[in-house]
Amino acid sequence: MSQQVVKRNKRPGFWMGAWIGLLAISPILALFFLADVVFGLPLVPLDVIDWAARNLPGNLITAGIDAIVATNDTLNLGRTDVVAKTIEQMIGIAAVVIAAVLMGGLLYVTLTRTNNRARNLPYGAFAGALLGLPLALMSGATNFTATTPPALNFVYIVLMFVAWGAAVAWIYNDLTTLHSKSGDVSAAQLNRRQFLVRVGGVAATLTVVGGGLSVLLGGRETTPTSSTTTTATNPTPPPAPTNTPNPNSAAARVERSAFIDDLVPAQGTRPEYTPVDQHYRIDISARPPVIKEADWVLPITGMVGNPLSLTLEDLRTKYEPREQIITLSCISNPVGGDLISTTRWTGVSLQALLEEAQISPSARALHIKGADGFDEYLDLALVKRDERIMLTYAWDGQPLAIEHGFPLRIWIPDVYGMKQPKWIISIEAVDAVGEGYWVRRGWSFEARVNTTSVIDTISVDEVYERDGQTFVPLGGIAYAGARGIARVEVRMDDGEWVEAQLKTPLSDTSWVVWRYDWPFEAGPHAFEVRAIDGTGVPQSETRRDVRPDGATGIHRRGARL
Ligand SMILES: Nc1nc2c(c(=O)[nH]1)N[C@H]1C(S)=C(S)[C@@H](COP(=O)(O)O)O[C@H]1N2
Ligand SMILES: [Mo]
């Protein structure tokens, strides 16, 4: 039986081709990673996913993102943004691997049919080119991380896959030689197994060595702090430390409580001031654009009398700096989600710059572009009304981290992050408000933040007794953009809404921490929270999904007490 099978499968077919295609693509991928780190060549698997994110239909992408967010909500894999980026990168790698597996299989089927040994290597090279060409085109259309010339990148990618195809065909030839050399089946089987083990060994070694080296040498883009951007490459020192202390610091807390008898948050309430390395991160690329300060200027052009070209140093020194503690939220944040954070932003008012640029009275909007191909429009009427709108160059007193938009991003009060480009490379005054990156993909045009409130904790470890009554502290945050929070209310088991206590907010554009000490009753309970914004409008209690206008609804948390 087994001998018959071996005889029938004498020539390697689809599955063998798929397997060899897989073995051969691993070291190629490792080489791509290595060449990215060492030479700044494009990293094809990540370009593929970036290309897909930009070119596949918006609702398909959104559905994908929603699925990731929902999966993470259920499985609790970790921070949504970090998990999503990891999954994204894995999909990119998987796409290239699957393509290579299929192409390897098809190649072996073809070689078996054509049965012309002399042509096998050219066929393999051709199959590799077939695979490499679309990938090189996708990379060329999307890549912004490579520091090498586009023509070179194109040739490099195609040649890498040609090499892959030739290797797969070469192994085919060797496999079939092993067969024909030995008349006796069991010897052939053994040889073939040994050969495959050897091929696998070589592939694994190359992959591990290449991958290992790129990890050792790498890390330039993924460093979560801004230190890499400030040390060697950037001549300008970080902005002078301001006298605003970190609001979470003991000193700041003592200072505050000396003036006001401020609220102590319930244990398990999120930090009121988010450490920058824990600030959520959402953008359209597998890796952020890496911009060197020395290579960067901000052009302000279009319908202006005096076009400007500003360096980061200009922005830091020529204009009055503004500072504001700001809560930023992603429109994809579900009620109770983690795509919302708070830090201190420093920058310059856009009004000052536009005055200097002598913006034309007939200009209606600014078209703002990011280095990653992202863009948005900002209505000039809004800029004229609101001097707080600012071009931001520092977070928490440090230059922006690479992930968070170094060297420059914008802040617009009261709208979701999707309206606020990071890695700004140009601002153009135009005659109409257009639709930005996510608006063109079906998301809200206004993207005004919805009032939201969240129960972070039912702090059972903190129960205490007063006057014979046991209390359990509940706590969390409430946020209504620049409208502020007037009141937060809590209820249990669909009972009466009762008012929670509010901590003095860090600013009028930050979330507010609330606390409610619940008079304990044993049993299973459901708690709910709602917020009333600074204009007196209560948050919407209608459960609505994130798309297209941001989530609304009441956050609810059950507990068996
Ligand atoms: N250039 C650029 N800017 C961007 C984005 C992007 O993908 N590219 N994403 C936007 C979205 S959807 C959000 S929620 C915020 C997130 O900012 P953060 O990652 O610094 O928290 O950046 C916004 N600005
Ligand atoms: Mo977002």
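Along the sequence shown, residues carry numbers from 1. Just so it is clear, the structure is predicted and the values come from calculations on it, not from any experiment.
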> Considering residues, nucleotides and ligands other than F154, do more than 12 of their heavy atoms fall under 6.0 Å from its CZ?
Replying inline: yes
>> Show the nearest heavy-atom pair for residues D81 and Y280, with the distance to one decimal.
In response: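 Residues D81 and Y280, closest heavy atoms: OD2-CA, 3.0 Å.
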> What distance separates T110 OG1 from N120 CG, expressed to the nearest 0.5 Å?
Replying inline: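 Going from OG1 on T110 over to CG on N120, the span is 10.0 Å.
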>> Between D283 and E403, is there a side-chain heavy-atom distance shorter than 4.5 Å?
In response: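 With C-beta onward as the side chain, the pair stays apart.
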> Looking at residues at least two apart in the chain, or sitting in another chain, which of them share a side-chain contact (heavy atoms from CB on, under 4.5 Å) with N72?
Replying inline: L77, T80, V83
> Does some side-chain heavy atom of M16 sit less than 4.5 Å from a side-chain heavy atom of L175?
Replying inline: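 They are in side-chain contact.
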>> Less than 4.5 Å apart, side chain to side chain, heavy atoms only: is that true for I87 and T71?
In response: no
> Is any side-chain heavy atom of R117 less than 4.5 Å from a side-chain heavy atom of N173?
Replying inline: yes
>> Between N333 and Y416, does the side-chain contact (heavy atoms from CB on, under 4.5 Å) criterion hold? Intermediate values first, please.
In response: CA-CA 10 Å; N333 193 36; Y416 285 112; over 6 Å; no
>> So which atom in L107 and which in G165 form the shortest heavy-atom distance, rounded to 0.1 Å?
In response: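 Answer, listing the atom of L107 first, then G165: CD2-O, 4.0 Å.
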>> Does any part of the side chain of Y393, heavy atoms only, come nearer than 4.5 Å to the side chain of L400, both counted from C-beta?
In response: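 Not in contact.
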> Roughly how far apart are L391 CG and I389 CD1, rounded to 0.5 Å?
Replying inline: 10.0 Å
>> Ring-plane angle category for F32 and F161, please: parallel below 30°, perpendicular beyond 60°, tilted otherwise.
In response: tilted
> So D174 and T177, side chain to side chain donor-acceptor pair (under 3.5 Å) or not? Walk me through it.
Replying inline: CA-CA 5 Å; D174 253 37; T177 311; 4.7 Å; no
>> Apply side-chain contact (heavy atoms from CB on, under 4.5 Å) to residues K422 and D372 and explain how you reach the verdict.
In response: CA-CA 9 Å; K422 309 190 270 190; D372 55 347; over 6 Å; no
> Hey, mind stepping through R440 and D375 against side-chain contact (heavy atoms from CB on, under 4.5 Å) and telling me if it holds?
Replying inline: CA-CA 10 Å; R440 296 194 294 275; D375 72 301; 2.8 Å; yes
>> Once rounded to the nearest 0.5 Å, what's the spacing between atom CD1 of I368 and atom CZ of F374?
In response: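 One finds 10.0 Å between CD1 of I368 and CZ of F374.
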> Taking the side chain as C-beta and beyond, is there a heavy-atom pair between N115 and R11 under 4.5 Å?
Replying inline: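 Yes, close enough: below the 4.5 Å cut-off.
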> Between atom CG of L29 and atom CD1 of I93, what is the distance when rounded to the nearest 0.5 Å?
Replying inline: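 L29 atom CG to I93 atom CD1 measures 7.0 Å (nearest 0.5 Å).
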> Between D47 and T142, is a side chain to side chain donor-acceptor pair (under 3.5 Å) present by the stated rule, with each step listed?
Replying inline: CA-CA 6 Å; D47 291 348; T142 314; over 6 Å; no
> Backbone N or O of A286 within a donor-acceptor pair of the D50 side chain at under 3.5 Å?
Replying inline: yes
>> Between Y123 (side chain only) and N116 (backbone N and O only), is there a donor and an acceptor less than 3.5 Å apart?
In response: no
>> Using side-chain contact (heavy atoms from CB on, under 4.5 Å), reason through E435 and Y377 one step at a time and then give a plain yes or no.
In response: CA-CA 7 Å; E435 298 187 334; Y377 289 82; 5.7 Å; no
> Can you tell if the side chain of I171 reaches within under 4.5 Å of the side chain of Y108, non-hydrogen atoms only?
Replying inline: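 In contact.
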Indicate every side-chain donor-acceptor pair of residues 423-434 with a distance under 3.5 Å to a residue at least two apart or in another chain.
| from | atom 1 | to | atom 2 | distance (Å) |
| --- | --- | --- | --- | --- |
| W423 | NE1 | I402 | O | 2.7 |

> Can you check whether T342's main-chain N or O pairs, donor with acceptor, with T274's side chain at less than 3.5 Å?
Replying inline: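 Side chain of T274 to backbone of T342: a pair is present.
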> Could K419 and F445 be counted as a cation-pi pair, given that NZ or CZ must be under 6.0 Å from the ring centre and within 45° of the axis?
Replying inline: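 Cation-pi check for K419 and F445: passes.
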> Hey, are D36 and R287 close enough for a salt bridge, meaning a charged N less than 4.0 Å from a carboxylate O?
Replying inline: yes
>> Tell me whether the rings of H279 and W395 are parallel (<30°), tilted (30 to 60°) or perpendicular (>60°).
In response: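 Tilted: the ring planes of H279 and W395 meet at 30° to 60°.
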> How long is the span from the CG atom in L298 to the CG atom in L312, to the nearest 0.5 Å?
Replying inline: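 One finds 10.0 Å between CG of L298 and CG of L312.
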> Is the backbone N or O of R281 less than 3.5 Å from a side-chain atom of R79, with the two atoms forming a donor-acceptor pair by type?
Replying inline: no
>> So which atom in P27 and which in L206 form the shortest heavy-atom distance, rounded to 0.1 Å?
In response: CB-CB, 3.5 Å
> Ignoring hydrogens and geometry, is there a side-chain-to-backbone donor-acceptor pair from R441 to R54 under 3.5 Å?
Replying inline: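 Yes, because the side chain of R441 sits within donor-acceptor range (under 3.5 Å) of the backbone of R54.
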>> With a 6.0 Å cut-off (strictly less than), is the heavy-atom count around CH2 of W411, excluding the residue itself, greater than 12?
In response: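 Yes, enclosed.
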> Between the side chain of S214 and the main-chain N/O of L31, is any donor-acceptor distance below 3.5 Å?
Replying inline: no
>> Please find the pair of heavy atoms, one from S444 and one from A447, that lie closest to each other, and give the distance.
In response: OG-N, 2.7 Å
>> If we ignore hydrogens and angles and just use 3.5 Å, is the side chain of N143 paired with the main-chain N or O of P42 as donor and acceptor?
In response: no
> So which heavy atom on A141 is nearest to which on W51, and how close?
Replying inline: CB-CD1, 4.2 Å
> Where the side chain of E376 meets the backbone of Q420, is there a donor-acceptor pair that is under 3.5 Å apart?
Replying inline: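 No; judged by distance alone, with no hydrogens or angles, the pair does not exist.
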> Is the backbone N or O of G550 less than 3.5 Å from a side-chain atom of R544, with the two atoms forming a donor-acceptor pair by type?
Replying inline: yes
>> Within the 4.5 Å heavy-atom criterion, are T147 and V290 side-chain neighbours or not?
In response: no
> Out of curiosity, K85 NZ to L46 CG, how far, rounded to the nearest 0.5 Å?
Replying inline: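 With rounding to 0.5 Å, NZ (K85) is 10.5 Å from CG (L46).
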> Are the side chain of S285 and the backbone N or O of P288 linked by a donor-acceptor pair below 3.5 Å?
Replying inline: no
>> Does K369 have more than 12 heavy atoms from other residues, nucleotides or ligands lying within 6.0 Å of its NZ?
In response: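 Not more than 12 within 6.0 Å, no.
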>> Check this for me, if you would: do E293 and R316 make a salt bridge, where the nitrogen-to-carboxylate-oxygen distance has to be below 4.0 angstrom?
In response: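 Yes.
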>> Quick check: closest heavy atoms across V304 and A357, and the distance to 0.1 Å?
In response: CB-O, 3.2 Å
